Amino acid sequence: MNDIFVIGDIHGSYDKFRTLMKHWNPDKQQLVILGDLIDRGPDSLPVVRRCMELKIEYGAKILGGNHEWNLFDFIDKPNVYAKYYLEKGGRNTLQSFLGIKDSAIHKSPEKMASLMKERFFNELNFLRNLPDYYEHQHYVFVHAGVNLYLKDWKHTNQSDFRWIREPFYEAKNETGKIFVFGHTPTCYLNPDGSCGVWVSPCQTKFGIDGGAVFGGYLLGLSIQKDGYEVYAA
């Protein structure tokens, strides 16, 4: 497939995800999802399970984001990372997965982490093994960005693939690639503060995190040979 349908940071926004997916044509378009499936929004578990199905049924390319990284910091060391994870939207993920009250999460982070491992082995295994990027012809899809100061952007470390901001989108791009990324809400990139797709002045970087959980949009970008179309939910 030469055509691509790429979706930005979902963050547990299952209803918006379902709405946006109505614009995807599985017979003609490769589906790519840029990571941050979880946290902040109310429905992380349904989002994750649907993404697992899409990977199996349609070969969807599901990437990992920094919020998946945050989850495993918590799962692996709950007493160290509980406060940080809960403050960064993890509370909603644990409630979605475990169906528990907020007070229980604070009282026993070790128990919450243990229950996650016991009950959701397949889901956690899926999330832990998400790739950092997907390359298709002259396009690169990545959660946060790459290190453009390296001779070969593929040598970017995992932290930058999932966390980088200004050093990526402010850097000169001489790779010959077009990068499509999420992570940084486009309201911080667009001069007018709008939540639509951001396109760099050089036309080689497309930011599509529309801030779905911050009053913005879940953005989809349909990429064809002759251009692209933007969809929002």
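Only a predicted model underlies this, so the values are computations on that prediction, with no experimental measurement involved.
For Y14, the ring-ring contact (aromatic ring centres under 6.0 Å, His included) criterion is met by no residue, not counting sequence neighbours.
Judged by distance alone, with hydrogens and angles left aside, the side-chain atoms of T19 form no donor-acceptor pair with the main-chain N or O of A233 at under 3.5 Å. Under the 3.5 Å distance criterion, the side-chain polar atoms of T156 are matched with a main-chain donor or acceptor of N147. Here the side chain of E123 pairs no donor or acceptor atom with the backbone of L45 at under 3.5 angstrom. Not a single donor-acceptor pair under 3.5 Å links the side chain of H183 to the backbone N or O of H143. In this structure, the side chain of R162 does not engage the main chain of H67 through any donor-acceptor pair within 3.5 Å.
Between K154 and E135 there is a salt bridge, since at least one side-chain N of the basic residue sits less than 4.0 Å from a carboxylate O of the acidic one. Salt bridge absent: E53 and R49 never bring a charged side-chain N and a carboxylate O closer than 4.0 Å. The pair D76-R128 meets the salt-bridge criterion, since a charged nitrogen lies less than 4.0 angstrom from a carboxylate oxygen. With respect to the salt-bridge test (charged N to carboxylate O, under 4.0 angstrom), the residues K172 and E174 qualify.
Note: Y81 and W69 fail the aromatic proximity criterion, with ring centroids not under 6.0 Å apart. Taking the six-membered ring wherever Trp is involved, the centroid distance between the rings of F206 and F179 does not fall below 6.0 Å. Aromatic pair F168/W163: centroids not less than 6.0 angstrom apart.
When only modelled atom types and interatomic distance are considered, Y84 and D73 share no side-chain donor-acceptor pair under 3.5 Å.
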